[in-house]
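Everything below concerns the one structure shown next.
Note that the structure is predicted; figures quoted are calculated from it, not measured. By convention in this document, chain letters (A, B, ...) are assigned in the order of the sequence lines, proteins followed by strands, and residues within each chain are numbered from 1.
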Protein chains: 2
Amino acid sequence: MKSAQETLVPTTPHVEGDEDIGEIRNIVGFHIRLAHGAVYRHFSETFAALDLTQKQVSVLWLVDDHPNIAQTGLAQRMRMDRATTMAIINRLEGRGLLVRGRSPDDGRKQTLNLTDSGRAMLGTAKVAIAEHENWLKARFTDAEVAHLIELLTRIHE
Amino acid sequence: MKSAQETLVPTTPHVEGDEDIGEIRNIVGFHIRLAHGAVYRHFSETFAALDLTQKQVSVLWLVDDHPNIAQTGLAQRMRMDRATTMAIINRLEGRGLLVRGRSPDDGRKQTLNLTDSGRAMLGTAKVAIAEHENWLKARFTDAEVAHLIELLTRIHE
DNA sequence: CGGATATTGTATGTTGTACCGACAATGACC
DNA sequence: GGTCATTGTCGGTACAACATACAATATCCG
């Protein structure tokens with residue numbers, strides 16, 4: 001743990017020009033938002049043909065990895081509330097990619113499982129994800145990727 | 001630059017438990033999305049009293065740093081399209097935080113400038129940002145912050 | 001046991017953001 | 001002077017996050 005920072009030390013060189021963003025460039029949150037936007041845009045392009053969003057792919061993936069998972073389990077892992085989770089589940093169920101079932105041990109819960117169609121879609125999606133990840137990782141070494149993930153994990157864990 | 005990765009090497013230890021997310025934990029994009037979500041949530045809490053979003057604060061900040069900036073200049077710096085930029089400008093103008101003016105040298109462009117109210121709001125916002133950033137940076141050393149910004153910059157630049 | 005409390009899924013509505021296509025006004029270029 | 005590009009605007013669509021309220025079910029405890 002470090003002490004509170006009294007002064008903002010420039011962490012990136014200040015280059016005057018069209019792209020200059022001023023002192024806001026030292027705000028970590030700003031860079032996370034820009035990076036997220038860039039990744040989101042490339043993801044959307046990569047998945048335009050499949051008509052799937054980041055969230056939808058993540059849900060398919062997690063349901064495949066955790067058969068019979070309940071919506072709350074999904075919500076915890078993805079840091080979403082129940083209402084948001086349900087909206088995504090509704091969309092995926094409407095497209096026939098997953099099904100809701102009754103949980104045998106808890107009448108409140110519902111089991112989530114992929115359909116054959118959902119599994120096929122996930123298989124295709126994983127190929128696209130690999131392509132997307134390669135685009136993202138192309139600018140880093142393996143060590144940098146590991147370090148980036150470790151730093152990001154400290155934020156969201 | 002590195003060669004294409006043929007195999008996915010686990011970059012984070014796999015801990016079984018309630019929070020396990022399976023193999024998706026090795027996807028960089030997934031961590032960026034989660035980190036962005038966590039930062040966004042904390043930002044929203046910090047700014048609930050001011051009723052400002054990340055984007056709105058960023059726009060206020062950038063307009064203050066670049067008086068008479070046009071909407072396209074703002075859009076470039078924030079990686080938004082013109083329509084999205086206008087929606088945010090409309091909201092801020094509606095609240096009397098900034099004003100549009102005619103550009104003297106280009107009839108197509110409009111100048112953007114903060115009002116006194118907008119400058120006061122930005123001042124308050126910067127205090128909240130400092131608090132938010134300290135929350136974010138508390139888990140890192142200065143060197144790690146600098147490294148994180150550098151890595152993120154490679155993504156969004 | 002039975003009543004309070006918690007959990008889970010659902011329904012509904014609001015907000016913010018992002019994108020698209022189309023359009024008018026203006027400027028730039030040849 | 002006539003294209004062509006740029007800028008701002010507008011309308012529509014989509015997604016996600018959140019809040020609130022509600023019903024059904026589980027759990028806990030006196």
Side-chain angles (χ1 to χ4, degrees), chain A residues 18 33-34 36-45 47-48 50-59 63 68-95 98-112 156, chain B residues 18 33-34 36-45 47-48 50-60 68-95 98-112 156:
Chain A
D18 271 3
R33 207 157 53 60
L34 285 187
H36 172 256
V39 171
Y40 180 83
R41 271 186 294 278
H42 185 269
F43 189 100
S44 298
E45 289 168 21
F47 280 79
L50 289 178
D51 196 29
L52 287 173
T53 66
Q54 281 184 325
K55 293 267 158 171
Q56 289 166 1
V57 172
S58 298
V59 166
V63 170
N68 296 321
I69 191 173
Q71 285 179 210
T72 43
L74 219 46
Q76 280 168 17
R77 285 172 176 81
M78 302 196 43
R79 273 75 170 174
M80 302 186 302
D81 70 359
R82 287 173 297 150
T84 305
T85 306
M86 205 195 59
I88 296 174
I89 298 288
N90 283 344
R91 224 164 272 135
L92 293 174
E93 191 184 34
R95 290 174 60 179
L98 56 75
V99 285
R100 289 183 233 238
R102 301 209 160 277
S103 172
D105 52 300
D106 191 330
R108 297 167 302 180
K109 293 186 183 179
Q110 300 212 5
T111 61
L112 296 174
H156 69 71
Chain B
D18 271 4
R33 205 156 54 62
L34 286 187
H36 172 256
V39 171
Y40 180 84
R41 271 187 294 278
H42 185 270
F43 189 100
S44 298
E45 289 167 21
F47 280 79
L50 291 178
D51 195 31
L52 286 174
T53 66
Q54 282 184 326
K55 293 267 159 169
Q56 290 165 1
V57 172
S58 298
V59 166
L60 287 181
N68 295 322
I69 191 175
Q71 285 179 211
T72 43
L74 220 44
Q76 280 169 14
R77 286 172 174 80
M78 302 197 40
R79 272 76 170 174
M80 302 185 302
D81 70 356
R82 288 174 294 151
T84 304
T85 305
M86 207 195 57
I88 296 173
I89 297 290
N90 283 344
R91 221 165 275 134
L92 293 175
E93 191 184 33
R95 290 174 61 180
L98 56 75
V99 285
R100 288 184 233 237
R102 300 211 161 275
S103 171
D105 52 300
D106 190 331
R108 297 167 301 181
K109 292 186 182 179
Q110 300 209 6
T111 62
L112 296 174
H156 68 70

Find the distance [X]:[atom1] to [N]:[atom2] and express it as a whole number of Å.
{"X": "A/Arg102", "N": "D/dA26", "atom1": "CZ", "atom2": "C1'", "value": "15 Å"}
{"X": "A/Gln71", "N": "C/dT8", "atom1": "CD", "atom2": "C1'", "value": "8 Å"}
{"X": "A/Met86", "N": "D/dA19", "atom1": "CE", "atom2": "P", "value": "16 Å"}
{"X": "A/Asn68", "N": "C/dG9", "atom1": "CG", "atom2": "P", "value": "13 Å"}
{"X": "A/Leu74", "N": "C/dT10", "atom1": "CG", "atom2": "P", "value": "12 Å"}
{"X": "B/Leu98", "N": "D/dG8", "atom1": "CG", "atom2": "C1'", "value": "15 Å"}
{"X": "A/Arg79", "N": "D/dA16", "atom1": "CZ", "atom2": "C1'", "value": "17 Å"}

Between residues 103-112 of chain B and DNA chain D, which residues have a heavy-atom gap below 4.0 Å? B/Arg108, B/Lys109, B/Gln110
Holding to side-chain contact (heavy atoms from CB on, under 4.5 Å), I want the full list of residues that pass it with A/Lys109, two or more places apart in sequence or in another chain. A/Ala70, A/Ser103, A/Asp106
With sequence neighbours left out, write down each residue that passes ring pair (Phe, Tyr, Trp, His ring centres under 6.0 Å) with A/Phe47, or none if nothing qualifies. A/Phe43
Residues two or more places apart in sequence or in another chain: which of them pass salt bridge (charged side-chain N to carboxylate O under 4.0 Å, His left out) with B/Arg100? B/Glu93
State, without any angle test, whether B/Arg33 and A/Ser58 hold a side-chain donor-acceptor pair at a distance under 3.5 Å. yes
Counting distance only, does the side-chain N/O of B/Thr85 pair as donor-acceptor with the main-chain N or O of B/Asp81 below 3.5 Å? yes
What are the atom names and distances for every N/O pair under 3.5 Å that joins the protein to nucleotides 15-18 of chain C?
| from | atom 1 | to | atom 2 | distance (Å) |
| --- | --- | --- | --- | --- |
| C/dT17 | OP1 | B/Thr53 | OG1 | 2.4 |
| C/dT17 | OP2 | B/Arg91 | NH1 | 2.9 |
| C/dA18 | OP1 | B/Lys55 | NZ | 2.8 |
| C/dA18 | OP2 | B/Lys55 | NZ | 2.9 |

Rounding to 10°, can you tell me the angle the first-five-pair axis of the helix from C/dC1-D/dG30 to C/dC30-D/dG1 makes with its last-five-pair axis? 30°
